[in-house]
Every structure is written in structure tokens, then in C-alpha cells.
*Asks:* 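Below you'll find the structure I mean.
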Amino acid sequence: MKKFTIFMMLGLFIIPTLSLFAGGQKDAEIKQPEAEKKMVIRIAEQVPNLITPGAWDGQAFSLNSSIYDYLIEMDSATGELAPALATEWSSKDGKVWTFKLREGVKFHDGSAFTSKDVQFTLERTQDPDLGHLKAKDFAVVKSISTPNDYTVIITLKESLPTFQYSMTDYNVAMLSSDYDYSKLGESAPMGTGPFMLKKLIPKESALLVKNSNYWQPGLPKADELQIYFVPDIDSSVSLLEAGKVDIVPQISPLIKQRLEAGDGFKVVSPYQESRFIAMAMDREPFDDNNVRLAFKYSMDPEILAKACQGTLNKEIYYNETPIVNKLAQYKDISLRGQDIKKAKDLLAKAGYPDGLTVEFYYASDHPYGKEIAQTLKELTAPAGIVLDLKGFPRDIYLSQYWMNAPLLLTGWGVRVDPSMLLMLAYHSEGPWNESHINDPEVDDLITKIKSEVDDAQRQEYYDRLQEVFFERGTVINLQVPYLVGLSDAVQDYRQPITMLSQLKYAYIK
Amino acid sequence: MKTILLHLKNNPLAILGIMILFLWIFAALFGPALLSYNYTEMDMEHQMTTPGEYGHLLGTDALGRDVFARIIYGSRSILTVALMTSLVSSIVGILIGFTAGYFGSLVDTFFLRAMDILMAIPPLVLSMVVLGILGDSSFLSLTLIVSIAFTPATARVARGALLSCKGSEYVDAARIRGESHFIIMFVEILPNTIGPIIVEITARFAYSIMMIASLGFLGVGLQPPTPDWGMMVIENKSIIRAASWTVLYPSLAIASLVIAVSLFSDFVSKVMIHEK
Amino acid sequence: MNLFKRFSQRLGFMILTLVVMSFLIFLLVEIMPGDVAQTVLGQSATPESLAALRESMGLNDPLMVRYGHWAGKFIRGDLGESLYMRGIQINTIFWRKVGHSIILALTALIFYVPLSLFFGVFAGVKAGKLPDSIISFFGLATMALPEFVSGIILITLFAIKIPLLPITSIIPIGETLWENLNILILPALSITLVMFGYVSRMQRSSMLTVMNSDYIRAAILKGMPRGYVIFRHALKNALLPTITIIGMNMGWLFGGLIVVETLFGFPGLGSLTLSAIKTRDVPLLEASVLFITFIFVVSTFITDMMYLFLNPRIRFKGSDS
């Protein structure tokens, strides 16, 4: 028994001793002069994963955009397309596209980047075993030819005047044709990007180091990126405030206020994201436009904005079309305003005088998901529309329920060219037509928008499309800001509306 | 009855526990009718109001919902589910434990080993995995699964209780009268083992509350907008520094209820053991 | 019954438990609604790609074949590949998190064992007096609280009101847990509060039993100093049941870690298990749950053996429960 007591005493001393030991080690590290010279940018990401482009949604953008490059980038200041791995691109008829590639670019493993890699990347989208996210987008590609190492000619099945925009999509990062992405993609991703993955501890952290062979001279400016996967936003912000990280993406407007009130932080808002509330047009009760209108009349955009911790028309925007308010193509249609009586009348007209109950599916762990869902339930209740909330983790929601429910809430990134989104989600044959909209006029307008070369004419089609959506559309488009909290030391943080952060420019003052 | 009052007199903590418990039962039964707010009602003018302002006794959460109203409504679901689980798991436990103990020999050995094996997985882990896999928990699935997770423990208690009176004369007498096994078990033995079983049910009630709150916290319990206390804690944890009351008060609600039930079950076990 | 026989019996039962549990866990995950292949491929799955993936994952084989395959790999130490993080061997992340959790559990142990033993003995000696009532009530209160409630109270006190300790547990890149021991304190304290009530109450009651036993009474009556009797004789005997309780609770503690690690974002087995559930990462989930079971079974076994070894009555007389 004595032994036991001694053992306990020993235990009591282990902890303090160990912490002393730990302290000693830290001091030793600080003494090294090299550690001070290294410029390190630390980021707290909420998305826990690195994902091979195309394989799955929900990737940490700071990781992907640092490891990989794209054919075309976007200038975050002007919103113009900028050459990246492709130096120039052109098409006479929108059907045959020629991309000239940058010479002398090397992958992290030392192999050269050539037209073969572009071909591999684009053909990979059609790999049936992979289930690539851009499979439908690139199904329009008829053939890819590579006359030499630095030229790629892509022939489309039909004319697409804005095809080059699809090269900025986050899923079209250029991959090496002789690398085994199916095996190594998540554990040892490799591209031509400004940073190379040195160490990945899944669900904890990732260490990226400077790619000294990067094609853009003088970039990247930082020596190291340290990315932490912190699932909870309050924890991330507490790390920022404690000086343990420099960048926290995806903060809420509320936290923005808090950071801006404090000293030493700034908040940037690179773009808006959409939260589409989609009503399935091919099944009860939303097959009747009166019910869709009743739903819309029960909305109070200001309350929805507040539920997202922001103010309407300041951080949060609301409309009833697929077009985001901030885009040039947006047509300003005044809001219909909440009218419960009208909503009830419309419901009665549709044959639901006593109201109705409908299942509402959403991703409960997606930013604003729970808030919007619960607010909607509250808003529609007085009109007699009872929402039965069905929240699931994002992956489960997307794989099991999305596209197959009467009422959905889904987060959508911005598409630089809205016609990409229209084809994808609002054409009756679109692969991601979540509201199952099937309206001949909508289809016709989308087809015209897609192939129209004249800007003014195209805008006319856009205007008409938005009117149609206002009259009988299937969607409510709530737009929330994508906000990034930064410590004041971070300079030149760039993130265009392609959503891909360009950390190669960032540096620490 | 007199002895119970006598016991109570000597046990101020038990009085406290019973009072808090009654307060919560009262809140669950009549509270919602007395409140000026509904638990989903959003006061968008006053998001994250500090306690006491604009008529919000315990403040509001990020959606402007009254924290007090949500806690009061939440007492309904947690009390109902916890009561149901403690009853269901005890009843099933009695059925299994009595059968095993009564028939003895091989049945009993098999039962003991099976229960030992099942107890190798912590009930919280078991419920979390099953509920998480099923997704979209309801009152029914929550009650059923937590009950199943608890059954090995309750069955063992029931078996022990049965064994203690199996050899009694009245059991032999009933057997000689030719009563069926079922009658002997549940008409003859059960009333005589009611003491330990009531102790078990009350203790189980406390465990159930803890378990349901923890499951809610892990996000596999009742789904929004049901104001589940555990879920309120994790939901609002992201605003803990802006509005600590949205996290603290649901936590305190859980604490007060579990402590009250524990004090109560402590008291019950003392009374039952003394009465023997 | 001799020691060896009991040892081998217990060992055999332990292995049986693990085999049965592994099958149950496998079965449980098998029956989960939703198609694994669908989960993997997500929204762009086509019937052909689903079929191909099912074939390559061996999902079309009979249940027992799949179980045998899985269990066989498991025994060889191959935990398989994560479904959610494709290409990543579970082994590469699993043991790191297990290590963290073990360190956390041991830290909690170092906190709560001396504390609760001391106060348990103290309450036992002062039975019926004010200190006893205070300790008993405090023990009952903390024991009753779920870990996240005590955790929230600790966070409010020591991370928000007094910003002393980190609210979240991250390990800076290039450093190990050993260099960041401060992230252990709040999680370990949350566990300590829960375990304190349990163990101190146990210690108090066994202390009471021993203090009321004939030989202690006799010793005090004989005129031996009370303090000497308590520490030399009573404590020795009163510790035995408590050791059992502590050992038995090791497995339970691992279950409780899920809640604590979730609250603090601690990179351990518990938060890994929860994220495996949320992402439907089947192989990772199976490995995590089986490991928690394993810890539980092994700690029960060790406690059992320790009890057997320490308790002379069982060792020499041999009694079967």
C-alpha cells in the first residue's frame, strides 16, 4: 500500500515537472535566429478537409488555392480574368477554343507542366468512377487535342461564348497526368501552386511551405502557411484575438462587428454567397404557383437578414431570382413585402384553406443553415405553412436528400458568369436543378442567354428571366456575405469572387 | 408515510431536491401557458438582449428568442423523454432480469454473460452512434435507443432483486399452488422487490437526464426548433462571449434538474433501505 | 479457485466480449440507412459509378465475408482507409488522437484521484459533521452534472471572465501536446468534477465501513492515536474498493471524453468518433467504437486482476461472485 501512495505522489509531480520541461523547450526554440526570419501566415479554417479538386465539395479554399494553380485566375481588384497557367486563350465561334500555356512551369515533384496535364485534368471530369463535380459542365467538351506541349485545343459540342470562365472554377485545378490522385490526392496533394504541402495532420492542421520554383517571380511572399482546422467559429476568433492565428475565413457579421470594435483587426468581404430556398415544382404543394407565391408573401426579408446577423441591403441581400444582387446582370425588382392575408388567400385558392405541412431539408452545420431554417419556420407559420424541419450534417444532406425534397435550403457559391449557374440549376435539364423547375420560357431564355454574343440583347433576356422568376419562379435567393477576419499585420489579402484565396500575395508586416 | 416525513425532516437536502424537482415539473406542465413568449417567437428588434431587458428575463439568443421561454419549454421534452426512458428501460430490464433470475441455470448464465458483453460499450457511445447513424432523432427513437442502452444495467439490478426473494416461502407456496411462472414472477415476487426497483428507477431518471442532455449537446438528440437544453448549449456556444447567458442558463437548468433528481433518488434509496 | 484459473477465465471472456462486440459494431454500421457508395460519391453519382464503387469496395459480398475480411485486417493492425478523407490510412491519424486522449485521461486521473481520495477520507472521518455534509453535497452536485455543463461553467470562469486558459485546444504546427499542456487543464478539470463526486462518495462510504469495523474500533479503544489508526490501518483497507471504482471507470471515462473533447475542440479519440459519425466515415467509426470498447474491456480486466491480487481474502479463500 505504501507503494501505491508513493505512486500517487509521483503522479502529482509529473504534471508540473512536464510543464517545466515544456517551457524549457520553447525557450530553446525562440533562441534560434532562423525561426524569426521565417514569415509565417496562420489560418484557422472551419472546413476540416483537403480534397482533391472535383472529388467532393466542401474544401478548405486556403489549402486548395495554395497547392494548385488554374489556367485562368481572376484579378481580385478588377474582377477581370487574368492569365495564370494559360497565357492566352481565344475562340472565334465559341466552339473551338485555343489555350496557350505558360512555358517552364514545374509541378512540386519537378515534372514539367504541359498540355498533356490539361487534357488529363479535363478528361478526368468525365471519369465515371470518380463522380466529378464538374462532370456535367464539361460534358459539352467534344474533343481535346494537344498539337504541342504548350497548346491545347478544345472543341465543344455547341457554342459557349463564356466557356473560359469555367476554367476559374475551384474544381478545375490543374493536376499532373502522371500522379496518382485517386490514391494520393488527399494525403499528398500535388500541383504547381505557390505552396507545397509539407505535413498534413487530418482534422487538425496542415503545414505548407513556399514553392521556390513558382512561375510568378517574387511570389509567394510568405515562407510558410500554417492552416488549422477549427470547427467552431467562436474558437477560431478567440485564436485570432489571442494572436495565435492571422486569418479566419467565414466569420459572421456579428463577429465582424466585434472585431472591428477591437483594435488590431480588420474584416474583408470578398464576395456574397447565395442561400437558395428551392421549392420543388414537380411535386405537391409547390407544383401550384399560388403556393409558391403564398410562401413568398409570408417572407420578411429584414427578419431573415437579422437572423443571419446582418442588415438587409447592407450585408444581406434578398431577391426571388437566381441572380445575385451585386452582379451587373441583376434587375432591380422591388420586394413584394410581407402580406400574410394575401398568402392565406393564395393558399385557399390553391386548395389549402386550412394550411399545409411540408418537409424542409437543410444542412444543419452549414453557416447560417440552422438560423435560416428556424426563421423560415417562424415566418411561414402565420400564413398556415408549417415547415417540418429536417436538418442533417452537410455531407449527409448533399448526398442523401438534396435534389430530392419538396423544400430545400442549399448554399451556393457565386458563379462569375451567371449563365453557368442558370444552365446548371434552372434549366429543366440542368444536372443540379434542385427545384425541378420546368418552364419552357425559362428554358428558352437560358438557352438564348448562353449563346447570345451581343451584350445588350443578352441583358434583355436576363431582365425578362428575372421577371419570370418573380412571377412564378421556384426560388428565394438570400445572399450572405463571405467575411474574412484578419489581423492588422496581414497585408494584401486577395480573394476574388472565384472564392479562391490568393495567399501568394499576402505577407505579414 | 409517517416515516417518510420523518426522514424528510432530517434531510434538508432532500427537501431542497424535491422542491426543485416539483418546480421543474410545474414549469413543464403549466409554465408554457404562463409565459408571455413562445419558444420560437423571434424578437428581431432585440437580438442577444442581456437578461432582464425588454421583458426578457434571461435575455434572448442570436435569433431574438427568449431564453427563459426556451428553457421552460425545454423542460417538457427533457422530463418526458427522461421519464419514458427510465420507465421503459426499467420495465424491459425487469422482464429480462426476472426471466433470467427466475429460471436460473443456463438461461441465467447466458443472460449474465450477454449483459456483461453489452455493458462493454458505454451507453453514451452506443446511443450516440445509433442516433447519429439514423439521423433526425425523434421523441420515439431517442426514448427507444437510450432505453436499450440502459437495459443491461437495469436488468442486472432487477435480477439481483429477484434473487433476493426467490427462495422465500411465499414463492414456494405459490409454486405448490401451481401458479404459472408468469404469475409468480410478476404477482408474487415483483411487489416484494418494489423497493430496490423504485430506487433503480429514480436513479435511472437522473442518468437519463444527463444522457439526453449530453446527446443533445453532441447534436444527435432532438432536432431544432425543439428547445432541447443540451442542444441550446452547443448551438449558442459560438456566441458564448457575446451572449454568455444563452449558454450559461441552459447549463444551469440542466445542473439544477439533475442535482434535484439525484438528491431525490438519494433520499428514496435511504428511505427504501431503512424501511427494510 | 486459484488465481491462474480465474485469470485465464477472465482473459477468455475478455476476448469473447471483443469478438462479439466487434461483430455487433460491424452489424450496426452495416444496417445504417443510406448507401455508403452514395455517401462517398455524393450528388454527382451515376448508377454506373455507384455500381462500380460498390464492387470495388466489396459491398456486394455476403455479410460474413465482409466481416471476416474487416476483422482479419483489423487484427493485423490495418484499420483500413478513411471514406471521407480518401487516400488516408486510418492508422496515420488514429493513434495520434488516441495518444492525445490517453494523455488527457491520465491528466484527469492525476487531478481527481488524489483530490477525491483525500476528501473522501476526510468526509469519512468526519462523518455526520459539517465538512462531511459539504463534501457530500458538492460531490453529489458535480457527479450529477454532465461533463459539458461543468465544462461550460469552467470556460465561463477561467477563459472568459478571467482569460487565463485557452477556450479551444489547438496544437501549434511543429509542436507536440507536451509543449502545450495548458490546453489539457480545462478539459481535464471538467472530467475531474464529474469523477470527483463519484470516487469521493465511494471512498467515504468504504472509509465509514472500515472505521466501524471491529478491529479499528478495538484499536482505538486500546488507546492507539486516532490519526495513526486512520492512516496506518483504516486507509489501507478503505482504498481497495475505490481502486476498483477508478479502474472500472477508465472505460467509462473514455466515453465521457467524447463530450469534453467536443466542447473544447480537443484533437482526441472522442472528437474523432463524433466527426466519423457526422461524416458517415464507416471504417473510422468502426475503429473508434471498437477501440473504446477495447479500452473498457481491458481496464475492467486489469481492475479485476488487481482487485484479486490486492485483496487477500479473495486471493487465499477464493470466492466466486
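None of these values were measured; they are calculated from a predicted model. Here is how names work: the chains are called A, B, and so on, in the same order as the sequence lines, proteins then strands, and each is numbered from 1.
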*Asks:* Under 3.5 Å, side chain of B/N236 to main-chain N/O of B/M232, donor-acceptor pair present?
*Replies:*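 It does hold such a pair.
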*Asks:* Does C/T209 reach the main-chain N or O of C/S205 with its side chain, forming a donor-acceptor pair under 3.5 Å?
*Replies:*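 Checked: pair present.
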*Asks:* If you count heavy-atom pairs within less than 4.5 Å of chain B, which of C/A276, C/G270, C/A141 leads?
*Replies:*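 That would be C/A141.
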*Asks:* Less than 4.5 Å to any heavy atom of chain C: does that hold for the side chain of B/A120, its backbone, both, or neither?
*Replies:*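 B/A120 touches chain C through backbone and side-chain heavy atoms alike.
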*Asks:* Any donor-acceptor pair under 3.5 Å linking the side chain of B/T226 with the backbone of B/L222?
*Replies:*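 Here the side-chain-to-backbone pair does not exist.
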*Asks:* Give a yes or no on whether the backbone of B/T60 and the side-chain of B/W245 come within a donor-acceptor separation of less than 3.5 Å.
*Replies:*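 Pair found, side chain donor or acceptor close to backbone of B/T60.
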*Asks:* Find the one option among B/V130, B/V129, B/V220, B/L124 whose heavy-atom pairs under 4.5 Å with chain C are most numerous.
*Replies:*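 Most pairs with chain C among the choices: B/V129.
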*Asks:* Can any side-chain N or O of B/W229 pair as donor or acceptor with the backbone N or O of B/A253 at less than 3.5 Å?
*Replies:*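 Pair absent, no side-chain N/O of B/W229 close to backbone of B/A253.
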*Asks:* Output yes when B/R76 and B/D228 qualify as a salt bridge under the 4.0 Å nitrogen-oxygen rule, no when they do not.
*Replies:*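 Answer for the salt bridge query: no.
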*Asks:* Need one label for C/I295: side chain, backbone, both or neither, based on atoms under 4.5 Å from any heavy atom in chain B.
*Replies:*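 Contact with chain B is absent: no heavy atom of C/I295 under 4.5 Å.
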*Asks:* Ignoring hydrogens and angles, state whether a donor on the side chain of C/E261 or C/S101 is under 3.5 Å from an acceptor on the partner side chain.
*Replies:*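 Their side chains do contain a donor-acceptor pair, which is all the 3.5 Å distance test asks for.
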*Asks:* For B/F68, check ring pair (Phe, Tyr, Trp, His ring centres under 6.0 Å) against everything at least two apart and list the hits.
*Replies:*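 Testing B/F68 for ring pair (Phe, Tyr, Trp, His ring centres under 6.0 Å), a comparison that skips the adjacent residues, returns none.
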*Asks:* Do you know which of C/T300, C/V259, C/T273 has the most heavy-atom pairs with chain B at a distance under 4.5 angstrom?
*Replies:*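 That would be C/V259.
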*Asks:* B/L263 versus chain C, heavy atoms under 4.5 Å apart: side chain, backbone, both or neither?
*Replies:*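 Both backbone and side chain.
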*Asks:* Would you compute the distance between atom CG of C/L130 and atom CD1 of C/I135 and round it to the nearest 0.5 angstrom?
*Replies:*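 If we round to the nearest 0.5 Å, C/L130:CG and C/I135:CD1 are 9.5 Å apart.
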*Asks:* Can you classify the ring geometry of B/F150 versus B/Y207 as parallel (below 30°), tilted (30 to 60°) or perpendicular (above 60°)?
*Replies:*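 Rings of B/F150 and B/Y207: tilted, 30 to 60°.
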*Asks:* I need the contact set between residues 149-161 of chain C and chain B: heavy-atom distance under 4.5 Å, sorted by residue number.
*Replies:*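 Hits under 4.5 Å: C/V149, C/I152, C/I153, C/I155, C/T156, C/I160.
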*Asks:* Checking B/M211 against chain C: side chain, backbone, both or neither under 4.5 Å from a heavy atom?
*Replies:*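 No part of B/M211 comes within 4.5 Å of chain C.
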*Asks:* Please classify the contact of B/L218 with chain C as side chain, backbone, both or neither, using a heavy-atom distance under 4.5 Å.
*Replies:*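 Both parts, backbone and side chain.
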*Asks:* Give a yes/no verdict on a cation-pi contact between B/R113 and C/F13, requiring under 6.0 Å between NZ or CZ and the six-membered ring centre and an angle within 45° of the axis.
*Replies:*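 Yes, a cation-pi geometry.
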*Asks:* With side chains defined as the heavy atoms from C-beta onward, is the minimum distance between C/V260 and C/F266 less than 4.5 Å?
*Replies:*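 In short, these two side chains do not touch, never coming nearer than 4.5 Å.
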*Asks:* For B/M115 and B/A155, work out which heavy atoms get closest and say how close.
*Replies:*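 So the minimum-distance heavy-atom pair works out to SD-CB, 4.4 Å.
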*Asks:* So what's closer than 4.5 Å to chain B heavy atoms on C/V297: side chain, backbone, both or neither?
*Replies:*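 Side chain only.
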*Asks:* Go through the side-chain N and O atoms of B/S256 and B/W24 and say whether any donor and acceptor fall under 3.5 Å apart.
*Replies:*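 Result is yes, a qualifying pair exists.
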*Asks:* Looking at chain B, which one of C/T142, C/T262, C/L140, C/L24 has the largest number of heavy-atom pairs inside 4.5 Å, strictly under?
*Replies:*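 Top option by heavy-atom pairs under 4.5 Å: C/L140.
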*Asks:* For residues 14-23 of chain C, give me every residue with a non-hydrogen atom less than 4.5 Å from any non-hydrogen atom of chain B.
*Replies:*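 C/L16, C/T17, C/V20, C/M21 fall under the 4.5 Å cut-off.
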*Asks:* From B/L257 CG over to B/I71 CD1, what is the distance, rounded to the nearest 0.5 angstrom?
*Replies:*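 Here the interatomic distance stands at 12.0 Å.
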*Asks:* Do the side chains of C/L290 and C/F74 get nearer than 4.5 Å, heavy atoms only?
*Replies:*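 Of all side-chain heavy-atom pairs linking C/L290 with C/F74, at least one is under 4.5 Å.
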*Asks:* On a heavy-atom basis, which atom in B/S89 and which in B/S86 lie closest, and how many Å separate them?
*Replies:*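 That closest heavy-atom pairing would be OG-O, 3.4 Å.
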*Asks:* Using a heavy-atom cutoff of under 4.5 Å, enumerate the residues of residues 195-202 of chain C that contact chain B, numbered in order, or state 'none'.
*Replies:*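 Under the 4.5 Å heavy-atom cut-off, C/R201 qualify.
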*Asks:* Determine the option with the most heavy-atom pairs under 4.5 angstrom with chain B, choosing from C/F148, C/F137, C/F294, C/F296.
*Replies:*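 Of C/F148, C/F137, C/F294, C/F296, C/F148 has the most heavy-atom pairs under 4.5 Å with chain B.
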*Asks:* Verify, without hydrogens or angle tests, whether B/K237 (side chain) and C/L263 (backbone) share a donor-acceptor contact under 3.5 angstrom.
*Replies:*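 Such a contact is found between B/K237 side chain and C/L263 backbone.
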